[in-house]
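Every chain is numbered from 1, with letters handed out A, B, ... down the list of sequences.
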There are 2 protein chains.
Amino acid sequence: MTWIKLTRVPDASLTATKTISLSVIKTACSNCNLRELCLPFGLSIEELERLDDLVSTRRRLKRGEHLYRSGVPFDAIYAIRSGFFKTDVLLEDGREQVTGFQMAGELLGLDGISSEHHTCNAVALEDSEICAIPFSRLESLSREIHTLQHHFHKVMSREIVRDHGVMMLLGTMRAEERLAAFLLNLSQRFTARGFSHAEFYLRMTREEIGSYLGLKLETVSRAFSRFQEEGFIAVQQKHIRILDVAGLKALMNHRA
Amino acid sequence: MTWIKLTRVPDASLTATKTISLSVIKTACSNCNLRELCLPFGLSIEELERLDDLVSTRRRLKRGEHLYRSGVPFDAIYAIRSGFFKTDVLLEDGREQVTGFQMAGELLGLDGISSEHHTCNAVALEDSEICAIPFSRLESLSREIHTLQHHFHKVMSREIVRDHGVMMLLGTMRAEERLAAFLLNLSQRFTARGFSHAEFYLRMTREEIGSYLGLKLETVSRAFSRFQEEGFIAVQQKHIRILDVAGLKALMNHRA
DNA sequence: GTGTAAGCTTGATCCAAGTCAACCGTAAAG
DNA sequence: CTTTACGGTTGACTTGGATCAAGCTTACAC
């Protein structure tokens with residue numbers, strides 16, 4: 001279960017790190033196995049080391065714990081090192097909208113930049129670990145490292161594009177299409193992280209899926225059952241096996 | 001069709017510009033009356049002048065014309081100088097989702113940063129004028145001007161927060177709530193631009209409103225009629241007068 | 001002007017998803 | 001091992017918004 005990934009060795013410095021304790025190795029972006037998915041993408045060795053300085057705070061969260069809440073002052077964004085999160089917005093009258101589910105290598109907290117306060121809640125859906133990245137220091141560093149700056153802009157833009165996808169889903173798709181899109185998206189993201197594309201555990205409840213997809217939990221449950229009857233998937237509570245990716249994809253396009 | 005842009009002359013410049021023709025004066029951020037809403041927000045005089053250099057290309061679009069289309073290479077973002085736009089995403093099967101309506105002072109094209117290609121279409125809903133801001137030059141300049149960098153980040157983040165609002169709307173609100181939220185949002189943005197908060201012309205069709213709100217055009221039309229019956233607004237085709245802001249607001253919260 | 005097409009309104013009907021309700025399965029607590 | 005609580009499934013019924021259809025208004029082309 002290592003994390004040691006000895007990459008190219010420019011000078012003796014990296015070999016030096018190998019002699020120190022595993023827990024210390026784990027604290028650096030330069031040794032993080034998620035670096036190709038996360039903020040460090042595309043950085044050189046020296047640049048990576050400068051980023052390491054910045055990402056000094058790490059935090060573990062238990063399932064159900066909040067990483068941040070809507071309204072609290074913003075001063076850092078967070079990279080998920082391991083675990084699974086949801087973000088949601090609550091209306092005064094109690095209505096909840098889940099705005100996203102985030103997994104390892106993804107960033108949380110970008111919503112807070114605009115008003116200097118977080119505008120949604122981020123909750124761990126399983127025991128998780130995150131790296132806090134003080135935002136003003138990230139801005140400083142990205143003024144110096146072009147690659148970092150550009151990659152950060154790409155990450156923000158990707159979030160906007162993702163949101164457009166969700167708007168499309170909520171605005172134009174019917175229940176089963178939404179759920180199919182959701183499962184295919186999860187599958188694809190698990191794959192990118194080296195997990196099975198066909199078999200995974202859902203970390204969220206039917207109600208949370210429903211909130212994300214603009215459906216009631218009963219509708220989500222029925223759609224799961226229907227997919228199982230059709231032979232597209234095998235469901236048992238939170239355990240999902242995708243049996244027919246093409247079938248699910250077809251279901252999404254079989255409209256006008 | 002000019003676009004000549006004589007920029008300062010590092011000293012004596014401001015007085016100098018005043019002597020040249022109005023149309024030329026208009027081409028600079030430093031003289032743009034939208035600068036407090038747009039990218040230049042918070043910049044000093046000298047910083048503004050550096051931004052002027054960057055924003056050299058201006059373009060007029062007729063109603064119905066595309067500013068960019070999904071799939072084309074991305075190399076600039078666009079500031080709306082005057083006019084009104086929609087952005088939309090088209091699915092292969094012909095379904096359309098309008099992802100936003102943009103007015104003067106707002107930025108278009110942020111979606112393209114992530115993949116270096118635009119991922120939606122931007123269409124002028126009335127004759128409009130935009131300023132093109134070459135993105136790599138904006139990145140360079142924001143590496144030098146902290147304020148610009150930070151403000152740009154805020155703008156991107158604001159877009160993410162806005163999208164969350166739309167997700168909330170599409171995911172949890174009923175038809176009349178959605179339309180009320182839409183009208184109040186437009187009203188608020190017109191106000192910020194010095195127009196009447198109570199009276200305005202819609203630049204988009206019922207179908208485009210419907211697409212944005214995840215409703216069919218008939219539902220939008222019926223909701224307008226209903227609002228009129230209730231005395232919240234006066235509608236005549238695209239001409240809207242808001243008669244009871246509080247009533248519309250109440251309508252949005254009158255839920256469990 | 002007059003004709004035509006695009007956009008808007010309104011009515012009648014239908015259906016996908018919501019609501020309400022009962023029951024089941026699993027997991028943690030005692 | 002039993003209890004309890006939470007989450008999930010399934011059924012019966014309701015309903016908000018979609019669909020289908022007709023007529024109206026406005027703006028522009030000729």
Within this structure, what is the [atom1]-to-[atom2] distance between [X] and [N], rounded to whole angstrom?
X	N	atom1	atom2	result
B:M204	C:dA6	CE	C1'	17 Å
A:E208	D:dC6	CD	P	14 Å
A:R206	C:dT19	CZ	P	19 Å
A:R203	D:dG8	CZ	P	14 Å
A:M173	C:dA17	CE	C1'	17 Å
A:L125	D:dG7	CG	P	12 Å
B:K216	C:dA16	NZ	P	14 Å

Practice task
Could you check whether the rings of B:H118 and B:F74 sit parallel, tilted or perpendicular, using 30° and 60° as the cut-offs?
Solution key: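 B:H118 and B:F74: perpendicular rings.
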
Problem - Distance test, side-chain N/O of B:K238 to OP1/OP2 of C:dG7, below 4.0 Å - result: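 No, because none of the side-chain N or O atoms of B:K238 sits under 4.0 Å from OP1 or OP2 of C:dG7.
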
Handout entry: Sugar-phosphate only, base, or nothing, as touched by B:L217 at under 4.0 Å among non-hydrogen atoms
Key =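 The residue B:L217 makes base contact.
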
Practice task
Could you check whether A:Q236 gets within reach of a base, just the sugar-phosphate, or nothing at all, counting any heavy atom under 4.0 Å?
Solution key: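 The answer is sugar-phosphate, as A:Q236 gets under 4.0 Å only of primed atoms, P, OP1 or OP2.
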
Handout entry: Donor-acceptor pair present, A:R222 side chain and D:dG11 base, under 3.5 Å
Key =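 Donor-acceptor pair under 3.5 Å: yes.
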
Exercise for the section: State whether the distance check finds a donor on one side and an acceptor on the other, under 3.5 Å, for side chain B:E218 versus base C:dC8. Expected result: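 In this structure, the two groups form no donor-acceptor pair.
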
Practice task
Taking the side chain as every heavy atom from C-beta outward, state whether B:K86 and B:Y212 have any atom pair closer than 4.5 Å.
Solution key: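 Side chain of B:K86 against side chain of B:Y212, heavy atoms only: no contact under 4.5 Å found.
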
